[in-house]
Engineer: 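Supplied in structure tokens, the structure appears directly below.
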Amino acid sequence: MTASSTRTATLRLGSVVAVPFRWRSVVVGALLLVATLVSAVATIALGPLGVPLESFPAILTGELDRQTLFALERLSGPRLVVAVGTGLALGIAGALFQSVARNPLGSPDVIGVGAGAGAGAALVALLLPGSLPVPVGAVLGGFVAVGLVYLATGSGFRHPGRLIIAGIGVAALSTALTQYVVFAVARDRSSVLSAYLNGSLSARSWEHALTVWLCLALILPAVALLAGRVAITEMGDEVSDGLGAEPNRTRTWAVVLSVLLSAAAVSVAGPIAFVALTAPNIAKRLSRAAGPNLVLAGLTGGLLLVLADLVAQHSPIGDRLPVGVFTMGLGGAYLGYLLILEWRKGTL
Amino acid sequence: MDSSSSRTPPARTTSGAPRYTLLLVAGLLLLAGAVLASLVLGSRETSLGDVLDTLAGTADPFTAAVIESRYPRTVLGLLAGAGLAVAGTLLQGVTRNPLAEPGLLGVNMGAAAGIVTASAFLGVSGAASSVWWALPGAVVAGVLVYAIGAAGPGAGLVRLVLAGAVVSAVLGAYIQAVALSLPNVFDGYRTWVVGSLAGRDMDVVLAVLPFAVFGLALTALVTPGLNGLALGEEAALSVGVNTALVRAGGLAAATLLSAAATAAAGPIVFVGLAVPHIVRAFVGIDFRQQIPFALLLGPSLLLVADVVGRVVMRPQELMVGVVAAFAGAPLLLYTVRGMRGAT
């Protein structure tokens, strides 16, 4: 274990609260926050409609001219808030599922939960408009996908290899369903196409921002309650049984919360690929801590998505490509690197 | 059904040849039915009589034009279906991996990326001349998948598929990025990117045909050796099979056929997975019997999928690649369930 080699400390509040923490994780978390803040400032400042840096104090005091205010309130503001929330949700969802699958590749986007939620959202929003709220459709789609994967492996989530292949199948099935819906209803609206097929953050409103942050406000307390048990479950079934962590029940709840978080992200931004996969892995490498690293994974996810969206908005190639295309390309390359790494170590 | 062959007691050995003949006849009938369906059914309704009249040259010009417009996509469906099915059978034979398939292994996506690159950046215009670029794309993707999948000690069943998924994802993102950035160039490709037989003309058929013919000829040469390969490396060598040559030939043929199929119909997944599985269930493990049957079954399935796509949301069309994924993905799930012991 690497935990013993790094310094830990304990935060005490009176005699009741005592929270042990690692200095390295705290520093990494602070750095992630700073990096996210810098990226956010860059997102707001760059571009023809950007707010120049010297006007930033005016944002806080509310003394902006009308055009800048419009750009901030209608365009870059909600988009940025949605990006942070979506990335946070994806990062934590990935960390939870990877902990259950005991494999860095068992993330919701690899095993088809994202695609399933995307199909559910597309079905509800486009084919049966008004029948259900879009997030509910996404949740249902995500659960159907995870249920199919569970059944198809024939052995639950125990064999990472089977889990991933079943996930590829479920993802293909879900994507085909999404394509059917999208081409049946919105054939000529390319922005709708890319939002549902690739995941996109363009033209997000405060309504989207409210949706994703409301979902986070509801789900994250439950994640916080479960976090301790999830960490214990990683020590193996016997140990966690002995510590009263009820491994099976903990895993079920972790999967449920992971699917809910994925669905929340998908319902505002579409099936953005590979953020849920990469964020927890990067967080783990940065903090070198054992356990699921939920907080850091969430912060990394937020940073990744803000960065990816910054690139998507200002990249020289292509005019405003959907952010999902970037995460798919870059995340896919990272997944390839991860595969080689895991195979060298013989953990897959 | 021939009742006499099923009554003879040692049916397993003696009725092998008649049973196979019967299967081939059934396959031919299926193919003929699929071709007719592809000519008859579409967004505009026509009847079997119209098709026969058109073939005889006695139909009214309008109906004839409608049906003749379905010739290219039907021929392309035949070529692409045959290419994918045989490529899948070859890859499963060469890698001895029941999940090997040009779609899942990223080869089709590589071919598509090659075509997209040629059209976008190299000034290659027209589907016919861009076909040539499918081949290097397919080769590069195949090599890349193998390089990732074979890294580290011990090779699992899963690795190649996972590596294929990764390479497909990255190439898919690249294709999307190019197609979305250069909408003018890719107006005609929008459905092809997902896998579609629609809106292509006979020029494409003529461009793809040599690849397919060459690939099939190569397939015929290596097929006997595949049976030896199935015995394992040492046993194959001891019965006089040049394993390296058979592998190289099989991979080359599969690449040619995948490139041809992708140029014809876009990157279609699961046809190359489904057909070999169905074929094995019917004809057993002899590749000399598998390949001809796959040659009949592949085009039939692809044409049926295309026809389903045409009628399922009239007057719009659903791309054949979407139908194929919908029908084929459950088979992948079924296969995973059967993978006892494999990680």
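Numbered from 1 within each chain, the chains take letters A, B, ... in sequence-line order.
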Engineer: Looking at Thr335(B), is its backbone amide N or carbonyl O close enough to the side chain of His277(B) to form a donor-acceptor pair, meaning the two atoms are under 3.5 Å apart?
Structural biologist: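 Not a single qualifying donor-acceptor pair exists.
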Engineer: Taking Arg251(A) first and then Glu234(A), would you say they form a salt bridge - that is, a charged N and a carboxylate O separated by under 4.0 Å?
Structural biologist: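 Here Arg251(A) does not pair with Glu234(A) in a salt bridge, since their nearest N and O are not under 4.0 Å apart.
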Engineer: Side chain, backbone, both or neither: which part of Phe274(A) has a heavy atom under 4.5 Å from chain B?
Structural biologist: side chain
Engineer: Using non-hydrogen atoms only, which part of Val323(B) is less than 4.5 Å away from chain A: side chain, backbone, both, or neither?
Structural biologist: neither
Engineer: Under 4.5 Å from any heavy atom of chain A, what part of Tyr174(B) do you find: side chain, backbone, both or neither?
Structural biologist: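 Neither; nothing under 4.5 Å.
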Engineer: Does Arg102(A) pair with Asp237(A) as a salt bridge, N-O distance under 4.0 Å?
Structural biologist: yes
Engineer: Per the side chain to side chain contact (heavy atoms under 4.5 Å, CB included) rule, which among Val107(B), Val143(B), Leu91(B) passes with Leu251(B)?
Structural biologist: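 With Leu251(B) as partner, side chain to side chain contact (heavy atoms under 4.5 Å, CB included) holds for just one option, Leu91(B).
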Engineer: What residue, out of Leu151(A), Leu163(A), Thr327(A), Val110(A), has the most heavy-atom pairs lying under 4.5 Å from chain B?
Structural biologist: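 Between Leu151(A), Leu163(A), Thr327(A), Val110(A), the count favours Leu151(A).
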Engineer: I'd like to know if the side chain of Trp192(B) reaches the main chain of Ala198(B), judged simply by a donor and an acceptor atom lying under 3.5 Å from each other, with no hydrogens or angles considered.
Structural biologist: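 The answer is no, because no donor-acceptor pair under 3.5 Å joins these two groups.
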Engineer: For Leu331(B), is it the side chain, the backbone, both or neither that has a heavy atom under 4.5 Å from a heavy atom of chain A?
Structural biologist: neither
